[in-house]
Asker: 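Here you go, one structure.
Numbering of residues begins at 1 and proceeds along the displayed sequence. Computed from heavy atoms alone, side chains included, the values below leave out hydrogens, waters and symmetry copies.
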Amino acid sequence: MSSEIIGMEGRAAFGAFETWYRVTGDLGGEKAPVVILHGGPGVAHNYVDAYKLLARRDRAVIHYDQLGCGNSTLLPEKGADFWTPGLFIDELENLVDHLGIRTGFHVLGQSWGGMLGAEYAVTRPQGLKSLTIANSPASMKLWVEQANRLRADLPADVQETLTRHEQAGTTDDAAYQAATMMFYEQHVCRVVPFPPEVTESFAQVVRNPTVYNLMNGPNEFHVIGTLKNWSIVDRLPAIDVPTLIISGRHDEATPATVQPYKDGIKGSRWEIFEHSSHMPHVEEQDACMRVVGDFLDHNDN
């Protein structure tokens, strides 16, 4: 294990735009680097920062902010037709080439990042050694169905507040936000108060809401954006790299939303973290890093 972890930040030109990235560890090391795809869309890298701990096993870990959020180029003027999975696949491919890791790399995507990772793996990109899909639904229809099931377990007054403001189009109201947080504390992150890196990602969405609002909607269970009909279920058999699937027992990505990945990706392995919701990398950090680290080590060759 390295006694010193090398790190660097940079920006990759992506057409007229820039993608901010950070490397923890040594890109020149013997092990293939792992690229971390954050969720949202548009939530930025902060809340998945813990995956940098994988660098303690002598592996470079690459975080980046997808276009439209965080430290990358912000494009609040762009409409819904601009923000597509294809755009973010192109951005990832560009980053891989910019960093010179085409000869071999792993991808780990969390939530929307896992959806994006699956979309990417379906294209069978050169150099991809493995895929980790963390806390991700295989279709948004399943996601919304399950979110509504979980939401029905909230106290009646909380449900009434959510419904009333959604129908009125006042989802930015403080009462609606407070009701939303009750859902989040059960099914998004059960470490309360949220750690600073998680809070920062939520704050980042408030500052830069374009991508999240246009592709998803105002929150995790009121999905009215361009992804509302998204599904990868029928395309999953095209994924031909070793695949690890992660979810939490209390995850908003319930077993029903995750099961198609296990069914559709040949040889995939599914690990459920019993004391976690949507962020095992925060909620059961040591166990999560061990499971993911062992999987990556096993699939370097």
Side-chain angles (χ1 to χ4, degrees), residues 24-25 31-39 45 47-64 89 92 96 101 104-125 127-139 142-143 232-233 235-301:
T24 307
K31 294 183 178 181
V34 58
V35 186
I36 310 298
L37 280 52
H38 67 70
H45 77 283
Y47 79 100
V48 286
D49 183 67
Y51 279 114
K52 69 186 178 186
L53 297 173
L54 294 169
R56 292 178 175 175
R57 298 173 66 141
D58 297 322
R59 182 185 307 283
V61 181
I62 300 160
H63 283 80
Y64 73 104
I89 289 174
L92 176 55
V96 166
I101 59 174
F105 61 98
H106 305 273
V107 162
L108 183 154
Q110 198 279 338
S111 197
W112 147 254
M115 298 157 61
L116 175 59
E119 287 272 6
Y120 183 59
V122 161
T123 71
R124 298 185 174 180
L128 182 64
K129 287 179 172 288
S130 81
L131 172 65
T132 299
I133 299 171
N135 319 100
S136 308
S139 95
L142 284 171
W143 174 268
I232 199 167
V233 174
R235 293 176 286 144
L236 291 173
I239 296 177
D240 63 351
V241 294
T243 301
L244 171 66
I245 304 159
I246 289 173
S247 65
R249 181 60 65 191
H250 310 281
D251 206 329
E252 59 180 342
T254 68
T257 73
V258 176
Q259 187 68 48
Y261 286 120
K262 184 69 177 71
D263 294 341
I265 304 174
K266 185 177 180 180
S268 59
R269 173 187 155 209
W270 186 3
E271 184 87 18
I272 298 177
F273 289 87
E274 295 295 332
H275 304 291
S276 295
S277 58
H278 200 51
M279 299 187 188
H281 59 278
V282 172
E283 297 159 298
E284 293 180 75
Q285 192 170 94
D286 291 346
C288 183
M289 295 307 139
R290 182 174 64 254
V291 168
V292 174
D294 289 350
F295 171 75
L296 296 177
D297 285 349
H298 185 72
N299 291 290
D300 266 329
N301 298 317

Asker: Measure the CG-CG distance between Leu296 and Leu244 for me, rounded to the nearest 0.5 Å.
Answerer: 8.0 Å
Asker: Is there side-chain contact between Asn299 and Lys129, with at least one heavy-atom pair below 4.5 Å?
Answerer: no
Asker: Out of curiosity, Ser247 OG to Ile133 CD1, how far, rounded to the nearest 0.5 Å?
Answerer: 11.5 Å
Asker: Is the shortest side-chain heavy-atom distance between Asp300 and Arg59 below 4.5 Å?
Answerer: yes
Asker: Nearest 0.5 angstrom please: Ile246 CD1 to Leu108 CG, how far?
Answerer: 6.0 Å
Asker: Please step through side-chain contact (heavy atoms from CB on, under 4.5 Å) for the pair Phe105 and Leu128, ending with a clear verdict.
Answerer: CA-CA 5 Å; Phe105 61 98; Leu128 182 64; 3.9 Å; yes
Asker: Rounded to the nearest 0.5 Å, what's the gap from CD1 on Ile36 to NE2 on His281? Could you check?
Answerer: 9.5 Å
Asker: Do Val291 and Phe295 have side chains that get closer than 4.5 Å, going by heavy atoms?
Answerer: no
Asker: With side chains defined as the heavy atoms from C-beta onward, is the minimum distance between Tyr120 and Val96 less than 4.5 Å?
Answerer: yes
Asker: Looking at side-chain heavy atoms only, is the closest gap between Ile62 and Ile101 below 4.5 Å?
Answerer: yes
Asker: Ignoring hydrogens and angles, state whether a donor on the side chain of Gln110 or Tyr51 is under 3.5 Å from an acceptor on the partner side chain.
Answerer: no
Asker: Evaluate the criterion side-chain contact (heavy atoms from CB on, under 4.5 Å) for residue pair Glu271 and Thr132; output intermediate values, then yes/no.
Answerer: CA-CA 11 Å; Glu271 184 87 18; Thr132 299; over 6 Å; no
Asker: Atom CG of Asp251 and atom CD of Glu283: how far apart are they, to the nearest 0.5 Å?
Answerer: 8.0 Å
Asker: Does Val107 reach the side chain of Pro125, with side-chain heavy atoms less than 4.5 Å apart?
Answerer: no
Asker: Are Ser268 and Tyr261 close enough that some pair of their side-chain heavy atoms sits under 4.5 Å apart?
Answerer: no
Asker: Report the C-alpha separation of His278 and Asn135 in whole Å, then their side-chain angles, then the decisive distance to 0.1 Å, and conclude whether the side-chain contact (heavy atoms from CB on, under 4.5 Å) test is met.
Answerer: CA-CA 6 Å; His278 200 51; Asn135 319 100; 3.5 Å; yes
Asker: side-chain contact (heavy atoms from CB on, under 4.5 Å), that's the test. Do His63 and His38 meet it? Break it down for me.
Answerer: CA-CA 8 Å; His63 283 80; His38 67 70; over 6 Å; no
Asker: Between Asp297 and Lys31 (salt bridge meaning N to carboxylate O under 4.0 Å), is one present in this structure?
Answerer: yes
Asker: Atom CG in Leu131, atom NE2 in His106: separation rounded to 0.5 Å?
Answerer: 11.5 Å
